[in-house]
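Chain letters run A, B, ... following the sequence lines, proteins first and then strands; every chain starts at 1. Please read these numbers as outputs of a predicted model, since none were measured by experiment.
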Protein chains: 4
Amino acid sequence: MTVIEQSLIIFFMRVKDENKKEAIFEAIIELLNEVGFANLSMSQIAKRAGVSSSTIYVYFENKEDMLKTVYMDVKKKFVGSLLQGVEQSIPVRQAMEKLIQNLLEFALTQTAYFFFMEQCSNAPMKAQPSNVDAIDMMKPVFKIFEKGQQKGILKPGDSVILLSFCYHGVTQIAKDKLKRDQCFSDSEVKELIQMCWDAIRK
Amino acid sequence: MTVIEQSLIIFFMRVKDENKKEAIFEAIIELLNEVGFANLSMSQIAKRAGVSSSTIYVYFENKEDMLKTVYMDVKKKFVGSLLQGVEQSIPVRQAMEKLIQNLLEFALTQTAYFFFMEQCSNAPMKAQPSNVDAIDMMKPVFKIFEKGQQKGILKPGDSVILLSFCYHGVTQIAKDKLKRDQCFSDSEVKELIQMCWDAIRK
Amino acid sequence: MTVIEQSLIIFFMRVKDENKKEAIFEAIIELLNEVGFANLSMSQIAKRAGVSSSTIYVYFENKEDMLKTVYMDVKKKFVGSLLQGVEQSIPVRQAMEKLIQNLLEFALTQTAYFFFMEQCSNAPMKAQPSNVDAIDMMKPVFKIFEKGQQKGILKPGDSVILLSFCYHGVTQIAKDKLKRDQCFSDSEVKELIQMCWDAIRK
Amino acid sequence: MTVIEQSLIIFFMRVKDENKKEAIFEAIIELLNEVGFANLSMSQIAKRAGVSSSTIYVYFENKEDMLKTVYMDVKKKFVGSLLQGVEQSIPVRQAMEKLIQNLLEFALTQTAYFFFMEQCSNAPMKAQPSNVDAIDMMKPVFKIFEKGQQKGILKPGDSVILLSFCYHGVTQIAKDKLKRDQCFSDSEVKELIQMCWDAIRK
DNA sequence: AATGAATGAGAATTCATTCAT
DNA sequence: GATGAATGAATTCTCATTCAT
């Protein structure tokens, strides 16, 4: 594409207002956490986002598509945070530690996103925005755990179960804490890590 | 209207009574699992239960009351199942084993109830039928675990966290399995119990 | 069904208010004639009929079903009027005369119904309430015309074409007249009948 | 922006010009035949025409104006076709023959236009794009028929009625045929002409 | 001239609930 | 107790149209 053609496109096109899309995103996440799926309406979302409800349909095909898109976006962010600093090369024990720290970090700093995701992943298939869950998106780290199993450090069996057990245990405890507006002390974090480790190690 | 006709009416009504309530109950649980909170409507419930939607209002004050009642009822059944055979006197290790077996048993045999509960407990405070969750209802067993801590068998700290970690870890794994229409082998059950035990024991 | 059972049904059931249904019917016909398909809305119909728009959905499944039902009902009335006094036994010439008189009578006295039908039958397949048109419903009279053909009184060929030609010629002329708020003189009626007769006779 | 870029823009725009208007035209006619007035939307038209819906407003003031313009244009084309070869000087019988042949020719070759017109002319006054109908536009030929009446060849009375009767009879039969995806044989055309002639001649 | 974004108004339809029987 | 009818309020979504570019 030549520079002239590019200018032409820019001249004719009007770029979607990213602020609006962002506002809609945030409104959805906020509201779902406040009112739940049963009471989440397009008009409420629009009002909260400060746009007309028809504007939502500029960005999404319909309610289902909207929720799916937001859910996938949030999950992508979440998995990104989760895997930060967890390279293939690090030892299992350290990987586990980092994962849990990242998980708690995300839960504490991005609480709205965290609760939003949890609600979505517990909705039934048909209502659920997308049925690929967070565990599936963590496939990159499975290799670390499988190596741990091969080395005889971790319990044998399905590595998904090992990881899933820890992940959900920690997740639910974090949810309970946050629902009561509480925080984790360093020693509590250590305890959680220890529980996870004991659960999966041989 | 003759006396005979009146009696007939009364006869007809009373007979159906409990069946109707039961049918409504089952319809709610089935439907919530199929369509989720976002799409659960009174008319659908009525249709599924084979009654008029106004009939629902004979048994419940309104939608909120209806969901709360059903949720509490299901939870009561669940906790009943969970605690079966878990007396104060038995050793911690055995208590843990029994709890997990009961939990998996319930999940497998009363799957609809199990999923129903999970959805309810993940709804946000405001939307949630009732915010007392299953963990709270298990208070009777805490003493067993506290005794275990006092004896130095279990890790110290909040006994709720110990139990909650295991409970949710197992619950989520059961959910994943059931969503894929799979079952647990005996050895898998053993593995889960072992993971739980390792997680909480000193 | 015994008398007692019947009483029971009457006791429990509440009969649909036929006035309401009738009011909705009339509102649809009136409005379609006033505003056309492009501007016919459920809320307008409801307002005109003096009911809530949700009430319409008690009687009809949706807009399409509603229009189809009304169209079929009007057509039935129309064909009834059209065939009045046209028995199999009467001579063709007289049958033709009676049909045209009936048609004009209907157009003049039930003008709203008449225009309503015409609009429906000109809508395209997908939008059209039902694609069986008035001609199809007149099959009973075809035999009279076929007899006329066999006797050598009428032109040979497809009897549907003979009848259809006359029917639509007269219909459109009636429409034009009525649109200009005019009436037919007796001599004009005679002329029309003569034109029809000349068109189809040998 | 440089002068070159500006020229480019002007060049690009002008080139598309007539194509776009034509595309919009065709889209309207196609769509009206497919979905009817009740479901004809600007956005659909735009999509079908391959333009942005705001582009329609470059060519037309609004929806009403758009439909009126297209209708008038189509009618002009139609009347042009209809009158081809029908000069004032030719005998009535021949004029009638030519008119019917032209009408059928148009119906067969420009079917979409034909149906489009029919739908428009059956819409109620208020909704109708323009209430001057095809008959009005044929005024030039009336003189031929009036001469026929003066010579005693045709029936006396309103010449509009004579012509209208034939025109609509043929039109509707053509519509029925085309809706069933059928064609006219030469003998059928002859029969139609004969019916028309018999209907109006003395 | 052309268009993507944006929107208020309004579309069809559903909802939870009430009511007379 | 049970229900069909009825409905106001709310739902999701579409519409015709405008506007900045």
Problem set entry | Touch class at under 4.0 angstrom, heavy-atom based, for B:I56 against every strand present | nothing
Exercise. Are the side chain of B:Q44 and the backbone N or O of B:V35 linked by a donor-acceptor pair below 3.5 Å?
Worked result: no
For this session: Give a yes-or-no answer on whether the side chains of D:Y113 and D:E118 include a donor-acceptor pair shorter than 3.5 Å.
Result: no
For this session: Please check if the side chain of A:N122 supplies one atom and the backbone of B:N122 the other of a donor-acceptor pair under 3.5 Å.
Result: no
Exercise. Taking for each residue the nucleotide of DNA chain E with the nearest heavy atom, is it B:E61 or D:S53 whose nucleotide lies nearer the 5' end?
Worked result: D:S53
Exercise. To the nearest Å, how far apart are A:D65 CG and F:dT14 P?
Worked result: 12 Å
Exercise. Starting at the 5' end of DNA chain E and moving along, which residue's nearest nucleotide shows up first, B:Y57 or D:S52?
Worked result: D:S52
Problem set entry | Base paired to F:dT12 (Watson-Crick or G-U; both N/O distances under 3.5 angstrom) | E:dA11
Problem set entry | Pairwise 5' ranking along DNA chain F for C:G50 and A:M42, keeping only the more 5' one | C:G50
Exercise. Between E:dG10 atom C1' and C:L40 atom CG, what is the distance in whole Å?
Worked result: 14 Å
Exercise. Between E:dA5 and A:Y59, is there an OP1 or OP2 to side-chain N/O distance shorter than 4.0 Å?
Worked result: no
Exercise. Touch check for B:T55, heavy atoms < 4.0 angstrom, all strands: base, sugar-phosphate only, or nothing?
Worked result: base
Exercise. To the nearest Å, how far apart are A:E64 CD and F:dT11 P?
Worked result: 19 Å
For this session: Please determine, for F:dT21, whether a Watson-Crick or G-U wobble partner exists with both distances under 3.5 Å, and give it or none.
Result: E:dA2
Problem set entry | Residue B:K77 excluded, over 12 heavy atoms near NZ under 6.0 Å | yes
Exercise. Is it true that a side-chain atom of C:Q119 and a backbone atom of C:G36 form a donor plus acceptor pair closer than 3.5 Å?
Worked result: no
Exercise. Taking only side-chain nitrogens and oxygens of D:K21, does any of them come within less than 4.0 Å of OP1 or OP2 of E:dA1?
Worked result: no
Exercise. Which part of the nucleic acid, if any, lies within reach of C:I45 when heavy atoms closer than 4.0 Å are counted: base, sugar-phosphate only, or nothing?
Worked result: nothing
For this session: May I have the distance from D:L67 (atom CG) to F:dA16 (atom C1'), rounded to whole angstrom?
Result: 12 Å
For this session: Would you kindly give the CZ-to-C1' distance between B:F60 and F:dA2, to the nearest whole Å?
Result: 15 Å
For this session: Could you check how far CG of B:N19 sits from P of F:dG1, rounded to whole Å?
Result: 15 Å
Seminar exercise, completed: In whole angstroms, the gap separating P of E:dT18 from NZ of B:K63 amounts to 14 Å
Seminar exercise, completed: C:F37 CZ to E:dA11 C1', in whole Å, measures 17 Å
For this session: Between E:dA2, E:dT13, E:dT7, spot the one nearest the side chain of D:V58, thanks.
Result: E:dA2
Problem set entry | Closest listed nucleotide, where the reference is the side chain of A:S41 and the choices are E:dA16, F:dT11, F:dT17 | F:dT11
Exercise. Sub-3.5 Å donor-acceptor pair from the side chain of B:T55 to the main-chain atoms of B:V51, do we have one?
Worked result: no
For this session: Counting heavy atoms from C-beta on, name the nucleotide in E:dT7, F:dT7, E:dA5 closest to the side chain of D:S54.
Result: E:dA5
